[in-house]
Amino acid sequence: MASLELFNTLSGKLETLEPVGAPALRMYACGPTVYDYGHIGNFRTFLHVDVLRRFLRQQGMAVEHVMNVTDVDDKIIRNALAAGKGISDYTARYEKAFFEDMDSLGIERPEHLPRATEHIPEMVTLIERLAAKDIAYRTEDGSWYFRIARFPDYGKLSKKDFDGIEDGARVDVDEYEKDAARDFALWKAVKTGPDGVPEPSWQTALGAGRPGWHIECSAMATSLLGESFDLHAGGEDLMFPHHENEIAQSESASGHTFARHWMHVRFLLVEGKKMSKSEGNFYTLRDLLLKGHRASAIRYLLLSVPYRHQMNFTFEALSAATNAIDRLRTFHARILRGGFVAGANEAVRAATAKAAAEFTAALANDLNTAEAAAAISEMVRAANSSADAGTLGAENADEILRVLTTFDGVFAVLVDRDAELTKAALVWAQAEGRGDEASAELVARMGQSDAEIDALVAERTQAKKTRNFARADAIRVELTAKGIVIEDAKDGVRWKRK
RNA sequence: GCACCGAUGGCGAAGUGGCUAACGCGCUGGUCUGCAAAACCAGUAUUCAUGGGUUCAAAUCCCAUUCGGUGCUCCA
């Protein structure tokens, strides 16, 4: 069992990640705010956290993973109001879509998926504890704030130095009266919308209102994992202020270290720029599926650059990832098909063992997904080469399959669910009135049933037997146009959707 | 403005003091094939943004410059 050396934002060093005080590693990862469909930047973070949990479990470590769902916040309230819906009605569809997208991308479900709105009492209790220490204070409008001056360690995660900021300076921000400009909201008093209707709120001991964003994570993490736990993960943009504030609240209340280890996944750029709707480079998973890209290729691409490096998403790279997966799947199928000589080829055996060792070592070294994938490529080449020469042994095949299983336990791209997922996306788009967004090529490709393809392939095989190559080639051209690729192998004809 | 990160072949990218600079994709040629596809073989950076420095030795450490990105406000 390899132990994972993971970069810890808090210490700025690589540290061994291990459970303390419990058999399972307790980890918390900030989840989605369900006000819209998730975009590929969101999913880069969730995918790398997925790699982390898959790798730990593969190494024999139990994991207790919490991912929250933020189902109340300013954007949700605003959008729900605009849609004329209650917030839970509004968020339900996006929450459902989020979990569907997680499944499409092969992201495992965390052990706990708490919703913010179902943990209001814990948040209130936490704020009350802070109030009892005079760390939380109430302003005239009924909101509650956190007094940053009372937490000297503030800034320890994001390495910010707030000495230059005057404590206690009275700065008016918005309509609220805070004691210091940086003090952040723990509880927001109920407001009235433009049409005089009060916004959604909870009646609690703190007054009527709703929780601040940061307190949600502190309360849910603490109630599910305890006051101290092993790892907290999230996107790099959450480091400040969100995670910094979580630490301040939680450690002020408990007097203990909140999370020992912090992991931050760096940003995803699209075509060299930060994703934004105005730049026209903003993509949800569903957008990409409708353009004809495969879910597996998106997963593989987003994992191809290690989490601690900023990654640039391009369509060229996406097509490269698609081809890379094809090679892996073709290889996997070849090994499964069998028909190898008895025994083992020692050179391949050595290459297989080397790949297995390097794969695990690469991931154990701060989740170096790029190096892990490279290790597998070398095995693939050695084995294909040997199989071409007729020297690959049945024992080699067994060993190779074990390594591929290990690989796929983390990367999860070998099993082909792409056609099914793309079809589901098409059905969804039609139901949403967005069917016209699907690319024409995709519609043609999906329109062809397996039986129809089989019939055409059989006709082509017959034509070839009678040496009617013109007809055979015409069929191949027709299928190619629909994204179907034919392979004439020694042991038969195969086809696949490109 | 302040802070932080990055710059490696046509593209993506690993490597952070010492073997011929991984790996994937692409491209070129070859093997196989009726032709393709798949697969394999060979080739594709004498060189790691630029300029200086440290060292017996640097893509890897230091300084400067240029360019790109991010945070400082909601954000994965």
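Chain letters run A, B, ... following the sequence lines, proteins first and then strands; every chain starts at 1. Note: hydrogens, waters and symmetry copies are ignored here, and every other heavy atom, side chains too, is used.
Taking the side chain of A:Asn323 as heavy atoms from C-beta on, and the options B:rA36, B:rC72, B:rC25, the nearest nucleotide is B:rC25. When each of B:rC75, B:rG34, B:rA22 is scored by its nearest atom to the side-chain atoms of A:Arg467, the top-ranked nucleotide is B:rG34. In this structure, the nucleotide among B:rA14, B:rA76, B:rU73 sitting nearest to the side chain of A:Leu238 is B:rA76. For A:Arg334, taking side-chain heavy atoms from C-beta onward, the closest of the listed nucleotides B:rG34, B:rA39, B:rG71 is B:rA39. Of all nucleotides listed (B:rC35, B:rC11, B:rC40), B:rC40 comes nearest to the side chain of A:Arg381. In this structure, the nucleotide among B:rA76, B:rU70, B:rC72 sitting nearest to the side chain of A:Asn42 is B:rA76. Closest to the side chain of A:Pro306, out of B:rA14, B:rG26, B:rA39, is B:rA14. When each of B:rC75, B:rA76, B:rC72 is scored by its nearest atom to the side-chain atoms of A:Phe240, the top-ranked nucleotide is B:rC72. When the nucleotides B:rA76, B:rA38, B:rC40 are ranked by their closest atom to the side chain of A:Tyr35, B:rA76 comes out on top. Distances from the side chain of A:Glu316 to the nucleotides B:rC40, B:rC11, B:rC23 place B:rC11 closest.
When each of A:His65, A:His232, A:His112 is checked for a ring-ring contact (aromatic ring centres under 6.0 Å, His included) with A:Tyr28, only A:His232 meets the rule.
In this structure, A:Phe469 packs face-to-face on the six-membered ring of B:rG34, meeting both the 5.5 Å centre cutoff and the 30° plane limit.
Contact annotation for A:Lys464: base contact, defined as any heavy-atom pair under 4.0 Å involving a base atom. Residue-level contact check: A:Ala317 touches neither bases nor backbone, having no heavy atom under 4.0 Å from any strand. Residue contacts shown for A:Ala320 are limited to sugar-phosphate atoms, with no base heavy atom under 4.0 Å away. At the heavy-atom level, A:Val265 lies nowhere under 4.0 Å from the strands shown. A:Gly234 comes within 4.0 angstrom of sugar-phosphate atoms only, judged by non-hydrogen atoms across all strands, and of no base. Residue contacts for A:Leu268: at a heavy-atom cut-off of 4.0 Å it reaches a base atom on one of the strands shown.
Taking only distance into account, the side chain of A:Arg44 never meets the base of B:rA76 through a donor-acceptor pair shorter than 3.5 Å. Judged by distance alone, with hydrogens and angles left aside, A:Arg327 brings no side-chain donor or acceptor close enough to the base of B:rC25 to form a pair under 3.5 Å. Applying the 3.5 Å distance criterion, the base of B:rG34 shares a donor-acceptor pair with the side chain of A:Asp473. Side-chain atoms of A:Asp488 and base atoms of B:rC35 include a donor and an acceptor less than 3.5 Å apart.
Side-chain contact, A:Thr314 with A:Glu271: no donor N or O sits under 3.5 Å from an acceptor N or O.
In terms of position on RNA chain B, the residue among A:Trp213 and A:Asn384 whose nearest nucleotide sits closer to the 5' end is A:Asn384. Nearest-nucleotide assignment on RNA chain B puts the 5′-proximal partner with A:Asn368, out of A:Asn368 and A:Phe267.
Cation-pi check for A:Lys291 over A:Phe315 is met; the charged atom lies under 6.0 angstrom from the ring centroid and within 45 degrees of its normal.
A ring-centre distance under 6.0 Å is not found for A:Phe98 and A:Tyr37.
A donor-acceptor pair is defined here as one N or O able to donate and one able to accept, closer than 3.5 Å; such a pair exists between the side chain of A:Asn468 and the backbone of A:Arg471. A:Asp366 places no side-chain N or O within 3.5 Å of a backbone atom of A:Asn368 that could act as its donor or acceptor partner.
The OH-C1' distance, from A:Tyr307 to B:rC5, rounds to 14 Å in whole Å. Residue A:His309 contributes atom NE2, which lies 9 Å from atom C1' of B:rA14 at whole-angstrom precision.
Stem analysis of RNA chain B (at least three stacked-register Watson-Crick or G-U pairs, each with both distances under 3.5 Å) gives B:1-7 with B:66-72, B:10-12 with B:23-25, B:26-31 with B:39-44, B:49-53 with B:61-65.
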- Apply the test salt bridge (Lys or Arg N to Asp or Glu O under 4.0 Å) to residues A:Arg294 and A:Asp326: give CA-CA distance (whole Å), side-chain angles for both, the deciding distance (0.1 Å), then the verdict. CA-CA 11 Å; A:Arg294 302 187 203 163; A:Asp326 272 339; 3.3 Å; yes

- Test side chain to side chain donor-acceptor pair (under 3.5 Å) on A:Ser104 and A:Asp101 and set out the steps. CA-CA 5 Å; A:Ser104 298; A:Asp101 289 351; 4.8 Å; no

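Distance noted for atom C1' between B:rC23 and B:rU8: 14 Å (whole Å).
Between A:Phe151 and A:Tyr154, the two ring planes are perpendicular [angle over 60°; tilted spans 30° to 60°].
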